[in-house]
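Some notes on the structure that comes next.
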Amino acid sequence: MPSQIAVVTGAGAGIGRAAARALGRAGFDVALLGRNEDRLKDTARDLAAHSIRTLVIPVDVADADAVAKAADRVESELGPITAWANCAGATVVGQVATLSPQDIRRATEVTYLGSVNGTLAALERMRRRGHGAIINLDLAPSLRGLPLQAVENGSRAALRGFCESLRPELLHDADRIRIVMVDLPSINTPHYGWTRNTTGKRLKPVGPVYEPEVAAEAICRAAFTTSRSISIGPSTTFAAIWSLLGPGCREKRMADHGYKAQLEKTCADTDAKDDLFESVPGAFSAHGAFDAKSRRLDSPLSFFVTSSARAGIAGALLAAGLTGLISHIRSGRK
């Protein structure tokens, strides 16, 4: 039986590196895409120690032609692509009034268009065989609408809308290609230290923070699920309900507490390098600086909820509510 082939973008560090390891353990050979060749090779050595075949391809995902050529090389050297995980991203954090149009454009090109480019490259090749899984990353509802995060939120919302329109097209054409979104809470990766930051303060994760291995497990499950999305932990469901029932209250709380939740008291280094236009040099792993407060994969709160399960829970709650309402009405008539 031929090996299954996965492509992971942003595989040099953070979520992408952890996802490459998780997919390798699940039986995939893995193509590693990203801007920093040294870190990609480090990831490849990590996987090779477990007898996992890899292919390192330095590429900027914002370059659609380069991503398409990388996909051709994967199919030529490793084999037919069965799963593609778009983990690459870059952003700029700060009040909208302080951001430059050039920075916003670049962040959108990497996070949104980079994921679109990966999706298009995967689609073109998967449609030859009529099946496969394309995994894109989204923000958990608890992180949507945060102040200072307009660029990241805009890119992820655009990607969410893109995938929502793509799914019925695939159904119409009877392709068995699955588009799965992974809704991520705060993940302890190096990006807090290398994100372009106009606030003047050091960045920190908001709310419950999870180790990158938890995100990687969700991505790995997405490669096999038939659901449209996978979320992590209990806060995602609660936040989704809150945003529907009390959007005004949520915005007020974001305004009052959103800044403090994201910023440390210490000032950011004025000469700190960021990854918006070029990869930050140096050796980085999957983990960032917040291991002490991160939830591990074996934590009881590190559980996964698919969109199918959420729909079932919502249906059960609705049925229970309607049953209670009918009972109340009947008892009132007696």
Are any of the side-chain nitrogens in [X] or [Y] under 4.0 Å away from the carboxylate oxygens of its partner?
{"X": "Glu75", "Y": "Arg129", "answer": "yes"}
{"X": "Arg106", "Y": "Asp60", "answer": "yes"}
{"X": "Glu164", "Y": "Arg160", "answer": "no"}
{"X": "Asp183", "Y": "Arg144", "answer": "yes"}
{"X": "Arg21", "Y": "Glu213", "answer": "yes"}
{"X": "Lys41", "Y": "Asp38", "answer": "no"}

Closest non-hydrogen atoms of Arg125 and Ala68, given as atom of the first, atom of the second and distance, are NH2-O, 3.2 Å

Looking only at heavy atoms, which two atoms of Asn136 and Ser115 are closest? And how far apart? OD1-CB, 3.7 Å

Are Phe224 and Phe28, when compared by the centres of their aromatic rings, separated by less than 6.0 Å? yes

[X] [atom1] to [Y] [atom2] distance, which is reported to the nearest 0.5 Å:
{"X": "Leu123", "Y": "Leu170", "atom1": "CG", "atom2": "CG", "answer": "6.0 Å"}
{"X": "Asp29", "Y": "Leu47", "atom1": "CG", "atom2": "CG", "answer": "9.5 Å"}
{"X": "Leu159", "Y": "Met181", "atom1": "CG", "atom2": "CE", "answer": "4.5 Å"}
{"X": "His191", "Y": "Asp275", "atom1": "NE2", "atom2": "CG", "answer": "9.0 Å"}

Side-chain heavy atoms of [X] within contact of [Y], under 4.5 Å:
{"X": "Gln149", "Y": "Leu139", "answer": "no"}
{"X": "Ile5", "Y": "Arg53", "answer": "yes"}
{"X": "Phe277", "Y": "Arg196", "answer": "yes"}
{"X": "Asn117", "Y": "Val61", "answer": "no"}

Looking at [Y], is its backbone amide N or carbonyl O close enough to the side chain of [X] to form a donor-acceptor pair, meaning the two atoms are under 3.5 Å apart?
{"X": "Ser294", "Y": "Phe290", "result": "yes"}
{"X": "Thr111", "Y": "Ala88", "result": "no"}
{"X": "Asn188", "Y": "Gly288", "result": "yes"}
{"X": "Thr54", "Y": "Ala31", "result": "no"}
{"X": "Arg178", "Y": "Ile135", "result": "no"}
{"X": "Arg296", "Y": "Glu211", "result": "no"}

Donor-acceptor side-chain pairing of Thr195 and Asn197 below 3.5 angstrom: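 Result is no, nothing qualifies.
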
